Undergrad: 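One structure, as structure tokens, below. Some questions next.
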Protein chains: 2
Amino acid sequence: MMSKTSTLQDVARVAGVSTATVSRALSHPNMVSESTRRRVSKAVEVSGYRVNRAARNLRTQRAHSVLVLLPDLGNPFFSAILEGISLNLSRKGYSMLIASTKQVHDSGERLVDYLDDARADGMIILDGGLVAEVIASLKSAPQSKRILFACEWIEEDEFPSVRSENRRGTKAAVRYLHDIGHRKIGHVTGPEGNVLMHARKSAFIEEIGALQLEQHPEWIIPGDFSLAAGCLAAQTWIALENRPTAVFCASDQLAMGFISELSRRNFKVPDDVSIMGFDDIDLAEQFIPPLTSMRQDRLLLGETAAAMLLERLESPEGAGSEHAAVIPVSLIIRGSTAAPR
Amino acid sequence: MMSKTSTLQDVARVAGVSTATVSRALSHPNMVSESTRRRVSKAVEVSGYRVNRAARNLRTQRAHSVLVLLPDLGNPFFSAILEGISLNLSRKGYSMLIASTKQVHDSGERLVDYLDDARADGMIILDGGLVAEVIASLKSAPQSKRILFACEWIEEDEFPSVRSENRRGTKAAVRYLHDIGHRKIGHVTGPEGNVLMHARKSAFIEEIGALQLEQHPEWIIPGDFSLAAGCLAAQTWIALENRPTAVFCASDQLAMGFISELSRRNFKVPDDVSIMGFDDIDLAEQFIPPLTSMRQDRLLLGETAAAMLLERLESPEGAGSEHAAVIPVSLIIRGSTAAPR
DNA sequence: TGGCTCCATGCAATCGATTGCAGGAATTGG
DNA sequence: CCAATTCCTGCAATCGATTGCATGGAGCCA
């Protein structure tokens, strides 16, 4: 079934040297003489040789690939992050494997299997919501050195991670709403138990306190990052007697669902209420009204994650290298927020 | 726990049999006796054995993985398709590699390399816009048997493919707009040269003809599937003297951009003009107004693509199996379309 | 019991690249 | 001119699982 691609042996025969020399000419060019190097590269060209990755991987005990784990492949939020990861991986000659934690879990595979069975050298996890049991199995050395969390992370700071400035971004968002005149500010949160939800919610509460604004428990509406939850949250908001004049949503999808539901109920944004999101996904700019949001640099986040993981994989003893990288966020002001009437 | 993963040898030693027997007990259970099978599986459990994929791949000459090629990783349209592909691949024990055609091209890699160097057994291409040179290099047997196009495809029907009912869907869309009373129908197309753009545009023209509706060249507005192109198309529409009362956009993103621009210019949808899209992406339902669209079953499309490719890879001579699968689309009627005033 | 098949198992080669070790040539120094 | 060093190359083992072939034993029938 496999097409007969030529092997090192073939190249060696053509070049009139041993396979060892060919191998060295390719992977350690400075170990062979100028003339053989040329002979070999000509022979490679003639025979159309491609290194067989399976053989190399077996011999070198490295897979030259990295697994990226998403909570849910269907979620568009992750696509730009993937792009960033892929960019840096392919630069270094690594391949990118993708799996969703849901599917892996359903199929009964264990995550460490990917590392143990030589399919991947390391993994980048974009899902902080892994069940405890899985986390526990990951912590056992030495595979833990080959794992990195991105976007999300887990409570105890066990694994290295790359994240956005969730707390600073949240506070900046609240401060912005305050600066344009809002004094009654609400928050729609992410899903219960999620680390991002917690970081943003607690930062929100702190900043409200720091600005000495009204604190109403019912102004903090539970959600789960989804469009649908945003709709529900809007209904909750509508039902309030004393409504906040601005709502900071923990994700753009929440904000869009919120606005969408308001519009169905004949409320106007930002005239009746200012709404802002978090993430600045592509669509935020085109939404009606265009969505004010806190931009996460997802591409950079992905690139950083890949770079950090590779550094750890390739450094002799996983030593050095920072434990956590934080990616700046930036406030993008658009039409969904305005001074209160 | 154990720093070294155990090998077949270890298991063999524990079970008191040869490595050959262990291997057979695992991959061809019916070739060994009941009792050894039990002994082996106990030994596997005790030693925590995981098959080494690199070794297996080398010996069996198969990578047990499939490469999925996207035009652009950042495009959320593909995420559900990926989910479908991944689902079927992992069921059969395959891994999913992801790369973007842009990145592959930029890095100077050749696509066939993935097949030639034993990184992937086959590939699913979601980008019909590959440059001719690349296509040509792919056609050379025998790698061509391991390639499948999904969503998009290439002009000459060289490779097997999985697609949605683009033509039927388009005609149904036009017929629907006609049925609710529209007689002046426009179309915003995809990018020039794209096979989907061509399929939808030609079907659109045919159906307009079949329904004996007005044909105005300027009612067919060139676009490129993106939000931004939708905005531009709306400007074009506004500038028309004789405007169509309904516009069928070749993608949801186009439709959303179109509506968004209209809204900025104080036109109302569907009061002033009905707009519909194609794809039914997640957001379509929450858009304001909710978007009428032609739903593509992206999950099924992905699953089908994976199933077809694996069938071809695993069948002895790539024989049999249909050459092209077509996935049904369905009309989803929402608030962005209504009878003309 | 003899001769036969059939099943389960082990031996050893194999996949293709990498690399420790050793040896030969070339170079340098004394 | 000999010894010491450096540089380049080849030999052969190795990574770990799979599988064709051979073998020994059990089971069957006459």
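Quick note on labels: first sequence line is chain A, next is B, and so on, each numbered from 1. Computed from a predicted model, the values in this text were never measured in an experiment.
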Undergrad: Can you tell me how far C1' of D:dT18 sits from NE2 of B:H28, to the nearest Å?
TA: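 Going from B:H28 (NE2) to D:dT18 (C1'), I get 8 Å.
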Undergrad: Who pairs with A:S18 by side-chain contact (heavy atoms from CB on, under 4.5 Å), at least two apart in sequence or on another chain?
TA: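 By the side-chain contact (heavy atoms from CB on, under 4.5 Å) rule, A:S18 matches A:A20, A:T21.
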Undergrad: Residues two or more places apart in sequence or in another chain: which of them pass side chain to side chain donor-acceptor pair (under 3.5 Å) with A:R56?
TA: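 Here no residue qualifies.
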Undergrad: Scan for salt bridge (charged side-chain N to carboxylate O under 4.0 Å, His left out) pairs involving residues 7-16 of chain B, sequence neighbours excluded, and state none if there are none.
TA: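 Non-adjacent pairs meeting salt bridge (charged side-chain N to carboxylate O under 4.0 Å, His left out): B:D10-B:R13.
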Undergrad: Round to the nearest Å and state the distance from B:E34 atom CD to C:dC7 atom P.
TA: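 For the pair B:E34 CD and C:dC7 P, the rounded distance is 16 Å.
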Undergrad: The criterion is side-chain contact (heavy atoms from CB on, under 4.5 Å); which residues satisfy it with A:A63, sequence neighbours excluded?
TA: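 A:A63: side-chain contact (heavy atoms from CB on, under 4.5 Å) contacts with A:S65, A:D121.
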Undergrad: Please name all residues satisfying side-chain contact (heavy atoms from CB on, under 4.5 Å) with A:R59, sequence neighbours left out, ordered by chain then number.
TA: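 Partners of A:R59 by the side-chain contact (heavy atoms from CB on, under 4.5 Å) criterion come out as none, since no residue qualifies.
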Undergrad: Please identify each residue that fulfils side chain to side chain donor-acceptor pair (under 3.5 Å) with B:R24, with sequence neighbours left out.
TA: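 With neighbours one apart ignored, the set is empty.
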Undergrad: Could you state the atom-to-atom distance from CZ of B:R53 to P of D:dT18 in whole Å?
TA: 10 Å
Undergrad: Describe, as an angle rounded to 10 degrees, how the axis at the first end of the helix from C:dT1-D:dA30 to C:dG30-D:dC1 is tilted relative to the axis at the last end, five pairs per end.
TA: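 That helix has its two terminal axes inclined by roughly 40°.
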Undergrad: Reading nucleotides 10-16 of chain C from the 5' end, what letters show protein touch, with B for base, S for backbone sugar-phosphate only, - for no heavy atom under 4.0 Å?
TA: BB-BBBB
Undergrad: Which pair of non-hydrogen atoms, one from A:N88 and one from A:A306, has the smallest distance, and what is that distance?
TA: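 Heavy atoms of A:N88 and A:A306 come nearest at CB-CB, 3.6 Å.
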Undergrad: Quick one: which residue pairs count as a ring pair (Phe, Tyr, Trp, His ring centres under 6.0 Å) with a foot in residues 34-72 of chain A, not counting sequence neighbours?
TA: A:H64-A:Y94
Undergrad: Only counting residues at least two apart or in another chain, list the ones meeting side-chain contact (heavy atoms from CB on, under 4.5 Å) with B:R38.
TA: B:E34
Undergrad: Can you name the residues that form a side chain to side chain donor-acceptor pair (under 3.5 Å) with B:E303, not counting sequence neighbours?
TA: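 Side chain to side chain donor-acceptor pair (under 3.5 Å) check on B:E303 returns nothing, list empty.
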Undergrad: Below 4.0 angstrom, which residues in residues 35-43 of chain A have at least one non-hydrogen atom near DNA chain D?
TA: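 Heavy-atom contacts with DNA chain D come from A:T36.
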Undergrad: Rounding to a whole Å, what distance do you find between B:N30:CG and C:dT9:C1'?
TA: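 Rounded to the whole Å, the gap is 15 Å.
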